[in-house]
Amino acid sequence: MKLRAKIILTAASLALSCALLAGCGSSSGSIASSAASSEPASTVLSQASSIPLGEDNSTDALNAPFETLLDANPISNQFEIAAMNIEYDFNLPAEDVVSYKGVKSNDNGDAGMVLVVEAADGKAEEVANQLTAYQQDQVAFYGNYAEFAQAQENVENAVIAFKDNTVVMVIASNECTADLDSAVDSALGE
């Protein structure tokens with residue numbers, strides 16, 4: 001009886017081991033199906049969000065304020081802000097953002113950023129408040145590193161403002177010498 005149980009348990013564990021190894025392997029067919037199955041996931045994410053992934057999410061209305069701010073605050077080694085950043089870094093709900101345009105510095109220790117958001121109707125103040133929360137998080141982050149004191153100061157002095165449905169956030173780059181308050185006023189048409 002004991003021998004029979006041992007044989008059955010050994011055969012069962014061998015079968016499970018083979019199934020496990022077969023499941024971990026790949027073939028050209030499984031790579032193709034894996035690639036095909038990953039595409040609908042991004043489509044689903046894009047459909048769940050009002051912010052399309054991988055597209056230019058700006059409108060002509062955002063180009064002028066964006067360029068005005070970028071002229072005043074040139075960003076080195078620009079990293080384009082994407083839909084993923086809007087939702088996960090800035091914690092802006094997709095339904096609060098109609099469109100946006102922004103870049104931030106990809107240089108270590110440079111917090112420079114220009115972001116212009118067209119908020120949904122009645123959501124501009126909420127978007128500005130969320131950007132203020134992002135600012136506070138960045139101040140805490142840069143505060144952990146003595147070598148990033150300039151970046152921390154720049155984040156502390158960030159300008160966040162809105163007019164109608166247009167919300168802007170500007171963090172001076174390390175090279176910026178312009179008056180960002182005036183640039184923001186000009187960008188918002190004030």
Give a yes or no on whether Glu175 atom CD has more than 12 heavy-atom contacts from other residues, nucleotides or ligands under 6.0 Å away.
no

Would you say Ser99's side chain and Glu118's backbone share a donor-acceptor pair under 3.5 angstrom?
no

I'd like to know if the side chain of Asn129 pairs up with that of Glu125 as donor and acceptor (distance under 3.5 Å, no hydrogens or angles considered).
no

Is it the case that the side chain of Asn154 and the backbone of Gly112 share a donor-acceptor pair, with hydrogens and angles ignored and the cut-off at 3.5 Å?
no

Could you measure the distance from the CD1 atom of Ile75 to the SG atom of Cys176? Nearest 0.5 Å is fine.
7.5 Å

Does Ala64 offer a backbone N or O that forms a donor-acceptor pair with the side chain of Thr68 under 3.5 Å?
yes

Which atom names give the shortest non-hydrogen contact between Phe79 and Asn106, and what distance separates them?
CB-CB, 4.0 Å

For Phe66 and Gly102, which heavy atoms make the closest approach, and how far apart are they?
CE1-CA, 3.7 Å

For Ser105 and Ser76, indicate whether the former's side chain and the latter's backbone hold a donor-acceptor pair under 3.5 Å.
yes

Scanning both residues in full, the closest heavy-atom pair of Gly189 with Lys163 reads O-NZ, 3.5 Å

Do Phe148 and Asn108 come close enough that some side-chain heavy atom pair is under 4.5 Å?
yes

Less than 4.5 Å apart, side chain to side chain, heavy atoms only: is that true for Val155 and Gln135?
yes

What's the spacing between Leu92 CG and Leu115 CG if we round to 0.5 Å?
7.5 Å

Asp164 side chain vs Thr166 backbone, donor-acceptor pair below 3.5 Å:
no

Is the closest side-chain heavy-atom distance between Leu131 and Phe90 below 4.5 Å?
yes

Asn157 side chain to Glu153 backbone, donor-acceptor under 3.5 Å
yes

Closest heavy-atom pair and its distance - Ala83, Tyr100
N-OH, 2.8 Å

Asn174 side chain to Gly109 backbone, donor-acceptor under 3.5 Å:
yes

With heavy-atom distances below 4.5 Å as the criterion, would you say the side chains of Ile171 and Gln138 are in contact?
no

Between the CZ atom in Phe162 and the CD atom in Glu126, the distance rounded to the nearest 0.5 Å is 10.5 Å

List the steps and the verdict of side chain to side chain contact (heavy atoms under 4.5 Å, CB included) for Leu70 and Gln78.
CA-CA 11 Å; Leu70 196 57; Gln78 294 180 2; 3.9 Å; yes

Just so I know, are the side chains of Met113 and Ile81 near enough to count as touching, which here means a heavy-atom distance under 4.5 Å?
yes

Restricting to non-hydrogen atoms, name the atom on Met169 and the atom on Ile160 that form the minimum distance, rounded to 0.1 Å.
CG-CG1, 3.7 Å

Specify the closest pair of heavy atoms between Asn73 and Ser173, including all atoms of both residues, with the distance to one decimal.
OD1-N, 2.9 Å

Is Asn165 close to Asp121 at the side-chain level, that is, under 4.5 Å between some pair of heavy atoms?
yes

